[in-house]
Amino acid sequence: MSELNNIALKILSSGKGILAADESTGTMTKRLESVNIPSTSENRLLFRETLFSSKNMKNCIGGVILYDETIKQTSSSKKTIPELISASGAVPGIKVDTGAKKLALSNNETITEGLDGLREKLKEYYDLGARFTKWRGVFKISTKNNLPSTESIKANAHALGRYSALVQEANMVPIVEPEVLMDGDHNIKTCYQVTKMILEETFYQLSNSNVKLDGIILKPNMVLNGVDSGVKNETKQVAEMTLSCLKENVPKDVPGIAFLSGGQTEFEATKNLNEINTINDSEFIITYSYGRALQKAALEFWSKNIENTKGTQDVFNHRANMCTLAAQGKWSAELEAK
Ligand code: 13P
């Protein structure tokens, strides 16, 4: 087994998942301001440190994706943030893209940037303790405008290939995240077709870049109806279509798949993951790499009870526990209510 494969398995095994706490300062500011908390560097650290010191970090969380600001911060216990995460048994990771910018001459599509100088940045992050990384390519569906365009698919998949090669060269595991957004009025079949096209092109580009597939983690979207379609997602259909899309388009060497939540509610993201694992007859480990679906309730509680560390941690512990049960197909609505 390769060293990178070992890291990927350590992050994903035994129902563990990933806490995506890598919101850029801009995104974190929106999240904090939505609950009336000023977005200072101290507040960003305080909330994140509260989560990273929770009891269920040890039981549920195999990896934490950090943002540049956080990986360089020191916790109140004087440990660096990567040390605090490692002490719980989880692996520290880092977002390395610099965001999705407008793709020139496109119909408002985006290209994710961050390749320039990445080799040097990776060395710095490795020295700070990171052992895995994340890069998110973003694809928007518009049936009216025939999006995503071939140009956006090729450009973003190519960037994912180049990024992954640089990360493996630096002895870290790349999370490969091609996200098809939920926005739009498309139906679930269109989401399936677009997700399939994007996975095909992504793995074609990873192979062209000589990326070793047993040393990556795929972070895809679930296959869903567009949020403006007016159609309610049926758990069984979401699970069946998502699993078949992955089985048909993800090479078998990939050790694990960790979904993004992408704006689904915490309940939906958990229920759908549970159903996928209930019917999972593939070799893939299938788990979560949730941002909002792990943090939303804890953030809301914390914003009203900023002194109450234990209460905030209880909310996070419950969410992490529900997601870890779902990653093993052992979740139920009754457990959710307890
Ligand atoms: P969400 O689960 O909130 O979609 O965030 C996951 C993530 O890391 C997006 O890049």
Side-chain angles (χ1 to χ4, degrees), residues 4 8 20 22 24 65 68 93-123 125 130 132-142 145-181 183-184 190-221 223 245-246 248-260 262 289:
L4 295 184
D22 60 319
S24 63
I65 319 174
D68 181 78
I94 179 80
K95 185 226 301 286
V96 298
D97 67 64
T98 53
K101 309 286 160 58
K102 185 175 186 288
L103 179 66
L105 304 184
S106 74
N107 189 352
N108 281 321
E109 295 186 284
T110 59
I111 175 73
T112 300
E113 296 188 349
L115 289 169
D116 288 352
L118 182 55
R119 181 178 272 126
E120 292 71 31
K121 258 170 61 177
L122 290 171
K123 189 172 177 329
Y125 288 140
F132 75 104
T133 65
K134 178 186 117 172
W135 180 291
R136 171 175 173 260
V138 189
F139 305 92
K140 186 167 59 179
I141 299 180
S142 164
N145 296 316
N146 212 10
L147 304 181
S149 66
T150 309
E151 180 60 14
S152 127
I153 296 174
K154 286 199 182 302
N156 277 294
H158 183 253
L160 281 165
R162 281 192 60 202
Y163 142 81
S164 299
L166 281 161
V167 172
Q168 289 195 338
E169 185 189 83
N171 290 317
M172 293 188 273
V173 170
I175 291 190
V176 176
E177 181 178 4
E179 175 175 6
V180 178
L181 297 173
D183 308 355
T190 304
C191 181
Y192 183 101
Q193 284 307 328
V194 171
T195 304
K196 172 184 166 60
M197 255 182 343
I198 280 155
L199 289 173
E200 271 172 3
E201 184 65 24
T202 299
F203 283 105
Y204 171 73
Q205 293 291 349
L206 291 184
S207 148
N208 280 349
S209 297
N210 300 316
V211 173
K212 291 186 190 55
L213 295 183
D214 71 345
I216 73 158
I217 294 170
L218 179 69
K219 176 163 173 166
N221 52 282
V223 174
C245 194
L246 295 171
E248 281 169 30
N249 301 295
V250 181
K252 303 238 170 335
D253 287 350
V254 173
I257 293 169
F259 289 107
L260 57 96
S289 175

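Residue numbers run from 1 in the order of the sequence given.
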**Report entry** Residue pair A130 / M172: nearest heavy atoms and the distance that separates them
**Finding:** O-SD, 3.3 Å
**Report entry** pair I111-N156: side-chain heavy atoms closer than 4.5 Å
**Finding:** yes
Requested in this report: Any chance you could measure K196, atom NZ, to E248, atom CD, to the nearest 0.5 Å?
Outcome: 5.5 Å
Query raised in the report: So, do T98 and K121 sit near enough that their side-chain heavy atoms are less than 4.5 Å apart?
Result: yes
Query raised in the report: In Å and rounded to the nearest 0.5 Å, what is the CG to CG distance from N221 to L181?
Result: 8.5 Å
**Report entry** Close side-chain approach of T195 and F139, heavy atoms under 4.5 Å
**Finding:** no
Query raised in the report: If every non-hydrogen atom of A20 is compared with every non-hydrogen atom of S289, which pair is closest and at what distance?
Result: CB-O, 4.1 Å
Query raised in the report: Do you see a donor-acceptor pair shorter than 3.5 Å between the side chains of E109 and S149?
Result: yes
Requested in this report: Using the side-chain contact (heavy atoms from CB on, under 4.5 Å) rule, pick out the option among I175, I94, V96 that qualifies with K134.
Outcome: I175
Report summary line: Between the OG1 atom in T112 and the CG atom in D97, the distance rounded to the nearest 0.5 Å is 5.5 Å
Query - Minimum-distance pair of heavy atoms, taken over all atoms of A165 and V211 - result: N-CG2, 3.7 Å
Requested in this report: Give, for atom CG of L213 and atom NZ of K252, the distance between the pair rounded to the nearest 0.5 Å.
Outcome: 12.5 Å
Query raised in the report: Are any of the side-chain heavy atoms of Y125 and T133 separated by less than 4.5 Å?
Result: no
Query raised in the report: Is K101 atom NZ crowded by more than 12 heavy atoms from other residues, nucleotides or ligands, each under 6.0 Å away?
Result: yes
Report task. Tell me, please, which residues at least two apart from K123 pass side-chain hydrogen bond (donor to acceptor under 3.5 Å, both in side chains). Result -> D127
Query - Under the ring pair (Phe, Tyr, Trp, His ring centres under 6.0 Å) test, residues paired with Y163 that sit two or more places apart - result: W135
Requested in this report: Go through the steps to decide whether L160 and Q205 satisfy the test side-chain contact (heavy atoms from CB on, under 4.5 Å), and finish with yes or no.
Outcome: CA-CA 8 Å; L160 281 165; Q205 293 291 349; over 6 Å; no
**Report entry** Closest contact, heavy atoms only, A155 versus L103
**Finding:** CB-CD1, 4.5 Å
Query - Check: L260 and E177 side chains under 4.5 Å, non-hydrogen atoms - result: yes
Query raised in the report: Are the side chains of S152 and V138 in touch, meaning some heavy atoms are under 4.5 Å apart?
Result: no
Report summary line: Heavy atoms of G215 and V173 approach each other most closely as O-CG1, 3.6 Å
Query raised in the report: CD/E201 to CG/L206 distance, rounded to the nearest 0.5 angstrom?
Result: 10.0 Å
Report task. Would you check if Q168 and I216 make a side-chain contact, meaning some heavy-atom pair closer than 4.5 Å? Result -> yes
Query raised in the report: If you round to the nearest 0.5 Å, how far is CG of L199 from CG of L218?
Result: 6.0 Å
Query raised in the report: Taking it one step at a time, do D22 and R136 satisfy side-chain contact (heavy atoms from CB on, under 4.5 Å)?
Result: CA-CA 11 Å; D22 60 319; R136 171 175 173 260; over 6 Å; no
Query raised in the report: Do the non-hydrogen side-chain atoms of F259 and P220 ever get within less than 4.5 Å of each other?
Result: yes
Query raised in the report: If every non-hydrogen atom of I141 is compared with every non-hydrogen atom of P148, which pair is closest and at what distance?
Result: CA-CD, 4.2 Å
Requested in this report: Decide side-chain contact (heavy atoms from CB on, under 4.5 Å) for I217 and V176; before the verdict, give the C-alpha distance in whole Å, the side-chain angles of both, and the deciding distance to 0.1 Å.
Outcome: CA-CA 6 Å; I217 294 170; V176 176; over 6 Å; no
Query raised in the report: Under the 3.5 angstrom rule, does the side chain of K95 hit a backbone N or O of G99 as a donor-acceptor pair?
Result: no
Query raised in the report: Can you tell me if N249 uses its side chain to pair, donor with acceptor, with the backbone of I198 under 3.5 Å?
Result: no
Query raised in the report: Would N145 and N108 satisfy side-chain contact (heavy atoms from CB on, under 4.5 Å), going step by step from the backbone distance to the final call?
Result: CA-CA 11 Å; N145 296 316; N108 281 321; over 6 Å; no
